[in-house]
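Accompanying notes for the structure given below.
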Amino acid sequence: MATRITALDTDIDLLQAPTGSRAIHISPSLPDIYFGSRRLGSFTARRPHMTPGSLSTVDLQQHIYNSLLESRTADVALHVRGTWEAVYKLHRVVLIQSGFFSSLFTAGFLESSPKLSSHLLGPEEVDIVFDDRNITRAAFEICIARLYGGGPPLYVSPSLIPTTGHPLTPSFPGPAPPTEPPHGHHPASPNFLLSLLATSVYLSIPSVASQALSYILNTVGPYTAVQYLNVATGIAVDSSCGDEPEAAVGLEKIAEMVKLSSIANSTPIYPNANSDKSDLRDVLADRLHELDMQKEDPAESDNESDAVDLSRYTPSFNYGAVSDKIGEAAACWLARWGPDMLVYEEKASRARDLDLPAEVAGSTPPVNPRRRAGNLPSRPSLEEASKSTPHRVPVIWARGGLTPTWIRELISSDALFVKGERERYDLARTVVELRRREGIDEDEEKDWEVMFREGIYYTNMLVDDIIAISQDVSPTTGRAYVPISILQSAHWNQSLLRCHITAKPGGSPAAASSPPPPPHDKELALCNTTAEILSSLSKPPQQPFAPDERDRVYYPVAQDSSLRIGDSNGIEGASMDQLFDPPTPSADSKSATRAVTSEANFFGLKAERKTASECIASDATGKARWCPYPPYRFAVEFWDIDSLKEKSRLHSHTIWYAGSLFNVYIQVVRKKGIQLGIYLHRQSSIDPIPGPSAPVQVASKGERGHNKIPSLLQPIPTSVSVSSVHYSPSIHPPTRSTTPHSAPSTSSGLATTYESTSSSIPATAPPVAPIQPYRDPRPCVSAYFSISCTSSTGSSITRFTSVPDVFSVSQSWGWKSSSLRTEIGEIGADGQPVKPPVPAPRELSLRATVILGVV
C-alpha cells in the first residue's frame with residue numbers, strides 16, 4: 001500500500017508505490033492555488049462555486065501581473081546596470097516573449113541553464129548592462145510590465161499633437177502647457193517616448209516599439225522636431241530636460257534599488273582613470289559615461305599629451321531603419337516649417353540684444369514681411385501671437401538647435417519651402433547672422449562657405465539680384481557672403497542658356513498645323529548622358545588653364561516616379577522585421593513608393609548635384625541624363641481648397657524661367673472618388689496672368705481656440721496610400737474665351753473667376769506679372785519637373801517627378817491623387833472628415849515645392 005509523504009517546502013505530494021507500480025505526481029491546479037488553504041500534512045481546497053476549468057483569461061492575466069508587482073515565485077533576478085542600477089525579480093517564461101530575453105535564455109548561453117539550487121537560495125541573478133544612455137528606468141519598467149500584460153497606460157498631452165486644424169500644435173506659438181495626466185497614467189513626454197523606443201528596440205518587443213514610434217511620428221512639432229532629428233542622427237536624449245518620474249507609474253516597488261554605497265564599493269564595469277570621485281552621486285554617471293560608444297575626429301587628437309579629454313567624445317546611438325523613419329518625419333517638418341520658425345528666433349535674438357523682456361521677443365512675430373517674400377511662408381497673425389503667454393521660443397536655427405551641417409543641407413534642399421532663390425539667399429543670410437551674433441565659429445564658417453557657394457542657384461536669379469548680392473557685406477565679418485567668382489560664373493551660365501534658347505529657330509505657322517514632332521526635336525541639346533560625360537573626360541582641354549572637367553557640376557534629369565518621404569503607414573502592430581525592413585517597390589505603378597533614405601542623404605532632403613566623376617561612378621549603365629544648368633526651384637501655396645468647386649482652377653503665383661512663364665494650379669476631380677490634381681502650366685504671355693491663391697484674414701479673435709482638439713486616446717489619423725495619375729489635362733483644353741481681359745484683380749480659370757476679396761472663397765491676390773528678360777520663341781518646349789507636396793502637419797512629403805514632357809503654350813502636365821485631398825482634411829473620432837473652418841487660418845494650406853528644368 002502506498003505511503004503518503006508531504007513535501008512541506010515544495011507543495012508537492014509524492015506517492016511512494018510498491019516495486020513494479022507507477023509513481024504518480026500530483027500538483028494542485030491553478031484554482032487550488034488561488035482558493036486553497038494550506039494545512040500541515042495535507043492540502044485542502046475550498047471551491048464553493050468554482051471548477052478547475054472556470055478560471056477566466058482575465059483572472060490568469062491578473063495573476064501573472066500580480067506576480068510581477070509582488071515579486072512572487074520569481075526564478076530569475078535581473079541585475080540591471082545603466083543610467084540606474086537595480087535588481088528585478090522576474091520570470092523566465094514571461095521574459096522570453098522578448099526577442100532579447102528569448103535569445104538570452106534559450107539560445108545556449110550560460111543563462112539558458114538555470115541552476116537547480118536556485119529555488120532554495122533565491123532566484124538566479126543575471127547581470128544586464130545597458131550601454132545605451134537612452135534606456136531609462138521608467139521605459140524599462142514599462143517594457144517589462146507589457147510582457148506581463150499590464151503596466152500603466154501612456155498619456156500624451158493633446159497640446160503636443162499637431163492636427164490638420166492646428167498643424168503647429170494647439171499650444172503654438174507657446175510650448176505645451178503642463179498638464180496633469182489622468183490617475184494611473186504614465187506621462188509620455190517626447191523624452192520618454194524616445195527612451196521607450198530605444199528600450200523596446202533593444203529588448204526586441206515589437207508591440208511597444210511600434211506604439212512608441214507611432215506616438216513619436218505623430219508628435220513632431222516646433223518643440224520636438226530638432227530633438228527627434230538629433231536622436232535619429234545618433235545623439236543621446238537630453239535627460240536633463242523636464243521633470244519626469246524616475247520610475248514607471250504604479251511600478252515603483254518592482255525594483256530593488258542598489259544603494260550608492262554598494263555601487264561605490266563594487267568593481268567598475270570598465271576601468272576608469274577618473275573613477276576616484278569623492279561624491280557618490282557622480283559614480284553611476286561616471287560608469288555610464290564609460291559605456292558610451294565614442295566617436296572622435298582624429299584631427300582633434302592631442303599628440304602631446306596622454307591625458308584623455310572626455311569632452312571631445314560624443315556618444316552615438318542609432319537604431320537603423322527606425323531612426324531613419326524618425327529622421328524623415330523631422331526633416332520633412334523642418335523643410336515645411338523651418339522658415340516660419342526663423343521669424344520667431346530672429347525676433348527673440350534681436351530682443352536679447354536690446355535687453356527686451358523674453359516674453360516680448362517670443363510672443364509677437366514681426367508685422368512686416370521680408371522683401372519679396374509675399375505670401376511665402378505664411379506667418380501667424382499679430383492677434384494670435386499677442387495673446388500667448390510668456391514662453392521660450394523654439395530653438396531650431398540658433399546654436400543649440402540644428403548643427404551647421406544640417407543647416408547647410410536644409411537651406412540647400414530642393415524641398416525647403418521658400419518662394420525662390422533670392423528668398424533662399426535671404427534666409428541663409430539671416431541664419432548665418434543669427435549664429436554669428438553668438439560668436440564666430442571657424443568650423444561653422446566652413447559650412448557657410450559651402451552653402452553660399454553650392455546651395456543657392458544664382459543662375460536662376462535676375463541680374464539685379466546678382467548685383468545686389470555682390471554688394472551685400474556681412475555686418476559681423478565685413479566680408480561678402482558670396483565670392484564674386486561664383487556670381488560671375490552664374491551670370492555667364494545665364495548668358496549661355498539665353499543664347500541656346502533664343503538662337504534656336506522657332507516653329508513656322510505652316511509647321512504648327514502639321515503633326516507635332518517627337519519630343520527630342522523640341523529639346524535644346526543641353527543634356528549629356530553619362531557615357532558622353534565619360535567620353536569628354538578623355539579629351540584634352542581646349543584651353544590652357546581650363547578648369548578640370550572632372551569637377552564640373554551636373555544636375556540629374558528627372559525620371560518618372562512617385563515617392564513618399566516620412567510615410568507612417570503600417571507602423572501600428574508591426575513586427576520587428578517590418579519595422580526594420582527597407583522600403584520595397586509598390587506592386588501598383590500608380591502608388592507612391594516609400595523613399596530609401598538615411599542620414600547620409602539627410603533623410604531625403606539632400607539636393608541632387610554631382611561632379612562629372614560622381615556622375616560616372618553612380619551610373620554603371622551610362623544612360624542617365626545630366627544637365628549642366630541648375631533647375632529652377634520655387635514654392636507654391638494654396639488656401640481654402642475645400643471650397644474649390646469641381647473643375648475650377650486655383651493658381652499659384654507665376655514665375656519666369658528660360659524665356660517662358662509657368663505657374664501651378666490645383667483642381668478638384670470627381671472621378672473614382674474625390675481627387676485633387678496639381679499641375680504645372682506653361683502660361684501664355686498674351687493671356688492675362690491669373691491671380692494667385694491667398695489667405696483670408698480670420699474674422700474674429702480667438703476663433704482658433706474654439707476648435708476641438710482630439711485626444712490621443714482615440715486613433716491618430718494617418719494618411720492613406722497614394723494613388724496618383726500623371727497626365728496632361730488636355731482632355732479639358734483651356735478655353736481662351738473664358739479668360740477675362742478686364743480688371744487686373746481678377747483671376748482667370750477654366751470655368752471660374754475669383755475676386756481678390758474676402759467675400760470670395762477661395763480668395764486670390766491681385767495678379768503680378770514677373771519680369772521677362774527675354775522670351776522663348778518656340779511654341780513647344782521640353783522640360784522635366786518635380787512637385788513635392790507636404791502633408792498638412794509637415795511630417796511627410798509626397799514627391800512626383802516626370803521625365804521631360806512637351807509643353808506647348810497653355811499646356812499643363814501634372815498628377816491627380818486621392819491622398820492630396822486627404823492630407824488637408826482632418827478625420828474625426830467617427831472616422832468621417834471634419835469640415836474645416838471657412839475661411840481657413842493662414843497656416844492651414846497646401847504647400848508644394850517645384851523643380852523645373854529645360855532640356
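Side-chain atoms are counted along with the backbone in the values below, which use heavy atoms only and exclude waters and symmetry mates.
Remark: the backbone N or O of Leu68 is not paired with any side-chain donor or acceptor of His91 at under 3.5 angstrom. Of the possible polar contacts, none joining the Glu328 side chain to the Ile326 backbone as a donor-acceptor pair under 3.5 Å is found. Using modelled atom types, no side-chain atom of Gln211 and backbone atom of Pro206 make a donor-acceptor pair closer than 3.5 Å. The closest donor-acceptor contact from the side chain of Asn218 to the backbone of Ser214 lies under 3.5 Å. Between the side chain of Trp406 and the backbone N or O of Phe602, no donor-acceptor pair lies under 3.5 Å. A distance-only check finds a donor-acceptor pair linking the side chain of Arg92 to the backbone of Asp75 [under 3.5 Å]. At least one donor-acceptor pair under 3.5 Å links the side chain of Ser200 to the backbone N or O of Leu197. Although no hydrogens or angles enter the test, the distance criterion places no donor-acceptor pair under 3.5 Å between the side chain of Glu141 and the main chain of Ala138. A donor-acceptor contact shorter than 3.5 Å links the side chain of Ser195 to the backbone of Asn134.
Closest heavy-atom contact between Thr224 and Pro190: CG2-CG, 3.6 Å. Summarising the geometry of Asp324 relative to Ser598, their closest heavy-atom pair is OD1-CA, 3.9 Å, with the distance given to 0.1 Å. Between Ala139 and Thr199, the closest heavy-atom pair is CB-OG1, 3.4 Å. Taking each heavy atom of Val249 and His185 in turn, the nearest pair found is CG2-O, 3.7 Å. The two residues Arg399 and Glu438 come nearest to each other via the heavy atoms NH1-O, 3.1 Å. For the residue pair Asp447 and Pro404, the shortest heavy atom distance occurs at OD2-CB, 3.4 Å.
Between Leu90 and Phe101 the shortest side-chain heavy-atom distance does not fall below 4.5 Å. Annotation: side chain of Ser796 is in contact with side chain of Arg564 (closest heavy-atom distance under 4.5 Å). Between Leu203 and Val208, the closest side-chain pair of non-hydrogen atoms is not below 4.5 Å. Within the 4.5 Å cutoff, no side-chain heavy atoms of Tyr88 are placed close to those of Ile144. Counting heavy atoms from C-beta on, the side chains of Leu196 and Tyr215 never come closer than 4.5 Å. In this structure, Tyr148 and Ile254 have side chains that are not in contact, with every pair of non-hydrogen atoms separated by 4.5 Å or more. Glu409 places none of its side-chain heavy atoms less than 4.5 Å from the side chain of Phe603. Side-chain contact between Ile142 and Phe192 is present, with at least one heavy-atom pair separated by less than 4.5 Å.
Note that OH of Tyr223 is 9.0 Å distant from CD1 of Ile396, once rounded to the nearest 0.5 Å. Of the inter-residue distances, the one linking Asn66 atom CG with Arg72 atom CZ reads 6.0 Å to the nearest 0.5 angstrom. Interatomic distance, OG of Ser189 versus CG of Leu154, reported as 10.5 Å (0.5 Å rounding). Distance check, rounded to the nearest 0.5 Å: CG of Leu69 to CD of Glu252 gives 10.5 Å.
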Applying side chain to side chain contact (heavy atoms under 4.5 Å, CB included), run through Glu70 and Lys253 and close with a yes or a no. CA-CA 8 Å; Glu70 301 172 10; Lys253 297 182 180 180; over 6 Å; no
Working for side chain to side chain contact (heavy atoms under 4.5 Å, CB included), residues Asp132 and Thr83: CA-CA 9 Å; Asp132 188 340; Thr83 56; over 6 Å; no
Take Val237 and Phe317 through the side chain to side chain contact (heavy atoms under 4.5 Å, CB included) test and state the conclusion after the steps. CA-CA 10 Å; Val237 177; Phe317 309 98; over 6 Å; no
Mind running side chain to side chain contact (heavy atoms under 4.5 Å, CB included) on Phe105 and Leu95 for me, showing each step along the way? CA-CA 9 Å; Phe105 294 135; Leu95 293 179; 3.9 Å; yes
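Each of Ser157, Pro222, Ser159 was evaluated against Thr169; a single residue qualifies, Pro222, per the side-chain contact (heavy atoms from CB on, under 4.5 Å) test. Checked options Pro153, Pro245, Pro181; the residue passing with His186 is Pro245 (criterion: side-chain contact (heavy atoms from CB on, under 4.5 Å)).
Counting only N and O atoms by type, the side chains of Thr219 and Tyr228 include a donor and acceptor under 3.5 Å apart. Counting only N and O atoms by type, the side chains of Thr405 and Thr403 include no donor and acceptor under 3.5 Å apart.
When ring centroids are compared, Trp84 and Phe140 come within the 6.0 Å threshold.
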